Chemist: 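Please find one structure pasted underneath; my questions will follow.
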Protein chains: 2
Amino acid sequence: MNKRQIQKKKTRELILRIAKEMFIKNGFLNTTTSQIAQKAGIAHGTIFLHFKNKESLIIEIFDLELEEISSTIQELVFKAFDLEQLLKQYLELIQEEEDLFVVLARELPFYSEELRRKILFRESIIRSHFHKAIEIGIRKNRYRDVDVATAVTFLFGAINHYLRLKPIFVKEGSVIEKFKPSIIKTFKHLILKY
Amino acid sequence: MNKRQIQKKKTRELILRIAKEMFIKNGFLNTTTSQIAQKAGIAHGTIFLHFKNKESLIIEIFDLELEEISSTIQELVFKAFDLEQLLKQYLELIQEEEDLFVVLARELPFYSEELRRKILFRESIIRSHFHKAIEIGIRKNRYRDVDVATAVTFLFGAINHYLRLKPIFVKEGSVIEKFKPSIIKTFKHLILKY
DNA sequence: AAACTCGGTGACTGAGTGCTCATCAAAAAG
DNA sequence: CTTTTTGATGAGCACTCAGTCACCGAGTTT
């Protein structure tokens with residue numbers, strides 16, 4: 001790898017890093033390519049030297065992210081095949097660093113078919129892990145015999161509902177931190193036998 | 001009221017009606033003022049004769065809508081002070097005609113402070129009704145002693161989750177209709193004693 | 001019937017967008 | 001050292017948007 005190739009790779013990675021940062025902070029639609037270029041300290045046109053267009057830029061970022069989160073969750077499920085632990089660790093995971101997926105999911109209806117399909121695919125992966133964990137609890141006779149798919153929707157919906165509102169409440173200084181433990185506690189309470 | 005004033009009022013109402021229709025269909029951000037004017041058969045500039053800007057247009061629509069839904073829900077709670085019935089009727093209500101609020105909530109993070117506050121206010125009204133209904137169930141010893149606020153979030157989250165995905169699934173022809181009864185059934189199952 | 005009023009018009013503005021391409025300069029090749 | 005290659009540049013393109021304003025003509029008043 002010569003000097004030119006190294007520089008090129010570096011610029012490419014810089015764009016990816018800055019773009020991801022800004023997409024997370026402001027969403028996809030609210031981030032302009034000019035802003036990305038400006039913050040990265042490169043020319044506007046450089047972005048389109050490395051990526052066909054704005055969409056293929058986020059798709060690459062999303063795919064990298066998907067790979068990472070998939071292996072993380074997979075690991076998580078293997079380590080803790082128990083709903084409560086899984087739930088707790090998942091909440092910590094998405095709490096720790098603002099997740100690109102969560103931000104993208106907010107703008108879901110406005111994206112291209114391709115990106116939407118990818119986002120829903122990621123969602124289905126996470127859902128399937130919760131599904132499995134609940135199913136096992138039922139089989140072990142620890143959980144009530146509920147409709148698993150709907151229970152997962154409740155769970156997922158509550159988490160997303162919280163994440164959707166989080167940036168607003170955080171900005172307004174309201175305390176919503178107790179939400180995390182209470183989600184775990186309540187769902188446990190709801191699903192455990194007596 | 002002379003001819004001119006009648007015409008003016010008529011035009012104003014036409015704009016409100018068409019705009020609401022289009023905001024529901026395509027969202028606020030994806031509807032242009034030109035589109036509204038074109039569909040209403042008026043000049044683009046006429047809109048700004050009646051409303052200061054695009055935002056004050058939707059705010060007026062939203063306020064009218066809020067008034068209507070508030071009284072409807074209030075009535076609903078008085079008629080059926082029981083969670084299952086309330087839930088069922090609420091789901092039917094938002095199912096029947098695509099709700100402006102639901103559409104707006106999808107774009108929530110991208111709006112002005114004022115509009116966001118209004119949307120969250122409407123949300124809090126609905127939540128409080130569910131809250132009340134669950135609390136009563138617990139007091140009557142029919143429901144399990146859960147954390148009510150979180151239970152409402154589960155419920156609300158599940159409904160919103162469904163509504164958020166609905167337009168996508170409907171477009172793709174997938175069947176999601178069984179979701180509505182299963183949400184009621186599962187929540188009832190989760191919250192009822194034994 | 002003339003003068004005035006005022007709601008409606010739509011070409012226009014200017015700020016923004018994603019994206020392009022002639023040009024440049026530094027690195028690589030000869 | 002000279003020529004060629006190539007990544008980066010940024011002014012500028014075509015386009016979209018919300019919002020403006022000089023003008024028109026029907027309605028109202030005198």
Side-chain angles (χ1 to χ4, degrees), chain A residues 1-23 25-62 104 107 109-115, chain B residues 1-23 25-62 104 107 109-115:
Chain A
M1 236 203 234
N2 62 28
K3 234 175 178 179
R4 272 226 197 91
Q5 289 169 314
I6 289 171
Q7 183 56 42
K8 190 173 182 181
K9 198 183 159 199
K10 223 169 155 182
T11 306
R12 190 189 167 84
E13 279 163 4
L14 177 70
I15 295 169
L16 286 169
R17 206 186 68 233
I18 300 289
K20 180 179 157 187
E21 212 172 90
M22 295 188 74
F23 288 149
K25 197 168 166 198
N26 305 318
F28 178 64
L29 300 172
N30 278 359
T31 304
T32 69
T33 48
S34 312
Q35 280 170 11
I36 295 169
Q38 200 184 356
K39 184 142 191 193
I42 56 168
H44 187 190
T46 305
I47 290 170
F48 299 94
L49 225 83
H50 290 272
F51 304 93
K52 206 179 102 246
N53 51 35
K54 195 187 175 191
E55 185 174 328
S56 68
L57 169 60
I58 196 163
I59 284 189
E60 178 152 343
I61 294 173
F62 188 80
L104 289 183
E107 300 175 47
F110 313 120
Y111 294 133
S112 68
E113 278 303 309
E114 187 182 350
L115 192 50
Chain B
M1 235 201 237
N2 63 26
K3 232 178 181 180
R4 271 225 197 94
Q5 291 168 313
I6 289 172
Q7 183 55 43
K8 189 174 180 182
K9 199 185 159 197
K10 224 170 155 182
T11 306
R12 191 190 166 81
E13 279 164 4
L14 178 68
I15 295 169
L16 284 170
R17 206 186 67 236
I18 300 289
K20 179 181 159 186
E21 213 171 87
M22 295 187 75
F23 288 150
K25 199 170 166 200
N26 304 317
F28 178 64
L29 299 172
N30 279 0
T31 304
T32 69
T33 47
S34 312
Q35 281 170 9
I36 296 169
Q38 198 183 359
K39 186 143 192 193
I42 58 169
H44 183 189
T46 305
I47 290 171
F48 298 94
L49 226 84
H50 290 273
F51 304 93
K52 205 180 100 244
N53 50 34
K54 197 186 174 191
E55 185 175 328
S56 68
L57 170 58
I58 196 161
I59 284 188
E60 178 150 346
I61 295 173
F62 188 81
L104 289 183
E107 301 175 46
F110 314 121
Y111 295 133
S112 68
E113 278 302 308
E114 185 181 353
L115 192 51

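If you're wondering where the values come from, they're calculated on a predicted model, not measured in any experiment.
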Chemist: What nucleotide, of D:dT9, D:dT20, C:dT9, holds the atom closest to the side chain of B:Phe48?
Modeler: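 Nearest to the side chain of B:Phe48 among the choices is D:dT20.
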Chemist: Check B:Leu104, B:Ile61, B:Ile18 against B:Phe23 for a side chain to side chain contact (heavy atoms under 4.5 Å, CB included) and give me the one that passes.
Modeler: B:Ile61
Chemist: Take atom CD of A:Gln38 and atom P of D:dA8, then tell me their distance rounded to the nearest Å.
Modeler: 19 Å
Chemist: So which heavy atom on A:Met22 is nearest to which on A:Ile36, and how close?
Modeler: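 Looks like SD-CA, 3.8 Å.
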Chemist: Taking all atoms of both residues into account, what is the closest heavy-atom pair of A:Glu107 and A:Gly27, and its distance?
Modeler: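 Shortest heavy-atom separation between A:Glu107 and A:Gly27 comes out as OE2-CA, 2.9 Å.
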Chemist: Compare side-chain N and O positions of A:His50 against OP1 and OP2 of D:dA8 and report whether any pair is under 4.0 Å apart.
Modeler: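 For D:dA8, OP1 or OP2 has a side-chain N or O of A:His50 closer than 4.0 Å.
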Chemist: Would you mind telling me which residue lines up with the more 5' stretch of DNA chain D, B:Thr31 or B:Arg4, judged by nearest nucleotide?
Modeler: B:Thr31
Chemist: Test side-chain contact (heavy atoms from CB on, under 4.5 Å) on A:Glu13 and A:Lys9; report intermediate values, then the result.
Modeler: CA-CA 6 Å; A:Glu13 279 163 4; A:Lys9 198 183 159 199; 3.1 Å; yes
Chemist: Take atom CD1 of A:Ile36 and atom P of C:dG18, then tell me their distance rounded to the nearest Å.
Modeler: 8 Å
Chemist: Which of these nucleotides, D:dA18, D:dA8, C:dG8, is closest to any side-chain atom of A:Gln7?
Modeler: D:dA8
Chemist: Output the single nucleotide from C:dA27, C:dC19, D:dG19 whose closest atom is nearest the side chain of B:Asn53.
Modeler: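 Nucleotide nearest to B:Asn53's side chain: D:dG19.
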Chemist: Rounded to whole angstrom units, what separation is found between the CD1 atom of A:Ile6 and the P atom of C:dA26?
Modeler: 18 Å
Chemist: Taking N and O atoms by type only, does the side chain of A:His44 place a donor or acceptor under 3.5 Å from a partner on the base of C:dG18?
Modeler: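 Between C:dG18 and A:His44, which were checked side chain against base, a qualifying N/O pair under 3.5 Å is absent.
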Chemist: Atom NZ of A:Lys54 to atom P of C:dG16: distance rounded to whole Å?
Modeler: 15 Å
Chemist: Starting at CD1 of B:Ile47 and ending at C1' of D:dA18, how long is that distance when rounded to a whole Å?
Modeler: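 Answer to the nearest Å: 10 Å.
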Chemist: CZ of A:Phe51 versus P of D:dG7: gap in Å, rounded?
Modeler: 14 Å
Chemist: Specify the separation, in whole Å, of atom CD of A:Glu13 and atom C1' of D:dA8.
Modeler: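 After rounding, the gap between these two atoms is 17 Å.
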Chemist: Would you mind reading off the distance between A:Asn2 atom CG and D:dT6 atom C1', rounded to a whole angstrom?
Modeler: 10 Å
Chemist: Which comes earlier along DNA chain D counting from the 5' end, the contact point of B:Lys3 or that of A:Gln5, where each point is its nearest nucleotide?
Modeler: A:Gln5
Chemist: With distance as the sole test, does A:Gln5 use its side chain to make a donor-acceptor pair with the main-chain N or O of A:Asn2 at under 3.5 Å?
Modeler: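 Yes.
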Chemist: Out of D:dA8, D:dT28, D:dG10, which has the shortest distance to the side chain of A:Ala43?
Modeler: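 Among the listed nucleotides, the one closest to the side chain of A:Ala43 is D:dG10.
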Chemist: For A:Phe28 and A:Thr46, take the nucleotide of DNA chain C holding the closest heavy atom to each; which residue's nucleotide lies nearer the 5' end?
Modeler: A:Phe28
Chemist: Please confirm whether the shortest side-chain N or O distance from B:Thr11 to OP1 or OP2 of C:dG8 is below 4.0 Å.
Modeler: yes
